[in-house]
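So the structure is just underneath, and the comments pick up after that.
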Amino acid sequence: MAILVTGSGAAIPGNKVTNDELAKRVDTTDEWIRSHTGIGARHFADDGVLTSDLAVEASLAALKRAGKKPEDLDIIVVATVTPDYLGFPATACIVQDKLGAVNAAALDVNAGCTGFIYGLDVAASMLAAPRRTTALVIGAETLSRISDWNDRGTCVLFGDGAAAFVIEKQDDDEGRGVLTTWLRAKGSGATSLYLSQPRRDKTFEREPYEAPPAIVMDGKSVYMFAVKAITDTIEALLEESGYKLEDFRWIVPHQANARIVQAAAKRFGIADDHIYMNIEEYANTSAASVPLALNDLVEKGLVHRGDLVMAMGFGAGLTYGGVIIRW
Ligand code: COA
């Protein structure tokens with residue numbers, strides 16, 4: 001049995017904020033952001049819109065493309081670092097309810113910007129059980145809500161959005177589907193990229209929380225980690241799968257920084273027209289970044305049945321890893 005990708009969809013908030021518009025509120029310039037990251041704009045969710053709302057919009061589009069109803073779903077996995085509730089319940093449960101997916105189990109995966117790749121692996125593994133056939137894997141974020149607007153080194157990097165994929169366990173004699181995943185973590189780098197949040201470490205403490213949660217990042221160490229994470233992931237996926245880089249129609253990296261991707265591409269000699277980038281339009285949308293890019297390929301008609309695609313992520317945790325899918 002294969003795990004086939006049968007439908008995808010995205011939710012892009014309508015509020016597009018260019019670098020020039022952001023520069024009216026943050027001490028930055030379009031020139032700095034573009035030259036350091038390749039970002040030209042980001043989309044922010046309207047006030048009141050939650051991560052689950054974006055996830056549901058993307059999911060309905062994915063279900064429609066797959067020809068599935070919410071009640072067909074056995075599993076819903078939401079990869080996110082900006083859940084509706086910090087802690088619990090899982091955003092996947094909110095999504096399950098809003099969709100009316102009455103037969104589905106639902107759980108969140110917190111693996112930073114590698115979340116969608118981890119989520120795909122979790123869902124595909126869960127589909128191995130008898131009677132389960134259909135899963136929805138969603139990457140969804142409202143990073144605007146946890147950005148530190150006083151830290152120009154981080155707040156210019158992130159955007160909001162969601163993308164969802166339906167995957168199904170089916171017979172297939174063309175060698176299609178989710179073929180290989182490779183996942184790793186490096187928890188020793190946990191404090192290079194984390195969400196600062198008030199946290200009680202004493203029993204019976206009653207003092208009020210002081211500050212809202214906000215992204216804290218050591219940009220330079222994350223940059224160095226990211227370049228190595230991409231190269232390690234490509235090498236591992238090639239070794240595990242036996243494929244060569246030239247077999248791949250698309251390499252789809254996490255859209256964190258165009259310079260990180262260029263450094264890795266140079267090392268392997270990968271041509272630009274084999275790497276899919278959309279960071280210019282969406283910025284870094286964390287767990288939504290890889291599925292948004294994959295969905296772009298679908299919507300633009302750039303990926304065809306039988307094409308081999310490698311996608312990879314790296315981010316908070318620290319986590320990294322990748323997946324090979326034959327479309
Ligand atoms: N606009 C204008 N100037 C800015 C700025 C901004 N948004 N952010 C930082 N600067 C300034 C700094 O103040 C500093 O000025 P100084 O030299 O006068 O002190 C200068 O630019 C260089 O800052 P630095 O932090 O050294 O920049 P950098 O070249 O390391 O680039 C990042 C910063 C964040 C772009 C880079 O470190 C990076 O991409 N890291 C990885 C981030 C990432 O991908 N995170 C997500 C992983 S999932």
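Ligands are counted one by one from 1 in listed order, and the atoms in each one are counted from 1 as well.
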Proximal atoms of ligand 1 relative to [X] (non-hydrogen, under 4.0 Å):
X    : answer
I260 : 44 (O)
T28  : 1 (N), 2 (C), 6 (C), 7 (N)
F314 : 48 (S)
Y223 : 38 (C), 39 (O), 40 (N), 41 (C)
G153 : 8 (N), 34 (C)
G315 : 48 (S)
A256 : 44 (O)
H254 : 48 (S)

Checklist entry - Is ligand 1 under 4.0 Å from a heavy atom in the side chain of N284, in the backbone, in both, or in neither? => result side chain
Checklist outcome for this item: Any heavy atom of I33 under 4.0 Å from ligand 1? The part involved is neither
Is the closest protein non-hydrogen atom to [atom] under 4.0 Å?
atom                    : answer
atom 8 (N) of ligand 1  : yes
atom 19 (O) of ligand 1 : no
atom 42 (C) of ligand 1 : yes
atom 5 (C) of ligand 1  : yes
atom 29 (O) of ligand 1 : yes

To check your reading of the model: name the closest protein heavy atom to [atom], its residue, and the distance in Å.
atom                    : answer
atom 48 (S) of ligand 1 : C113 SG, 3.2 Å
atom 39 (O) of ligand 1 : N257 ND2, 2.7 Å
atom 23 (O) of ligand 1 : W32 CZ2, 4.4 Å
atom 40 (N) of ligand 1 : G219 O, 2.9 Å
atom 31 (O) of ligand 1 : H36 CD2, 3.8 Å

Examine the side chains of [X] and [Y] and answer whether a donor and an acceptor come within less than 3.5 Å of each other.
X    : Y    : result
E281 : H43  : yes
D84  : S52  : yes
T142 : T51  : yes
R42  : N284 : no
E168 : T6   : yes

Does the pair [X]/[Y] count as a salt bridge with the N-to-O cut at 4.0 Å?
X    : Y    : value
R305 : E174 : yes
D74  : R131 : no
R34  : E280 : yes

Checklist entry - Can you tell which of D72, T134, V166 makes a side-chain contact (heavy atoms from CB on, under 4.5 Å) with L63? => result V166
Checklist entry - Mind checking what makes side chain to side chain contact (heavy atoms under 4.5 Å, CB included) contact with T37, not counting sequence neighbours? => result I33, I39, L157, N257
Checklist entry - Taking the non-hydrogen atoms of V156, is any one of them nearer than 4.0 angstrom to ligand 1? => result yes
Next on the checklist: When you measure from the heavy atoms of T154 to every atom of ligand 1, does any distance fall below 4.0 Å?
Outcome noted: no
Checklist entry - Is the W250 ring parallel, tilted or perpendicular to the Y276 ring (thresholds 30°, 60°)? => result perpendicular
Item to check | Matching residue for F44 among W149, Y282, F158 - test: ring-ring contact (aromatic ring centres under 6.0 Å, His included) | outcome: W149
Checklist entry - Does NZ or CZ of R184 fall inside the cone over F314's six-membered ring, less than 6.0 Å from its centre and within 45° of the axis? => result no
Next on the checklist: Given K220, R152, Q255, identify the one with the heavy atom nearest to atom 25 (O) of ligand 1.
Outcome noted: K220
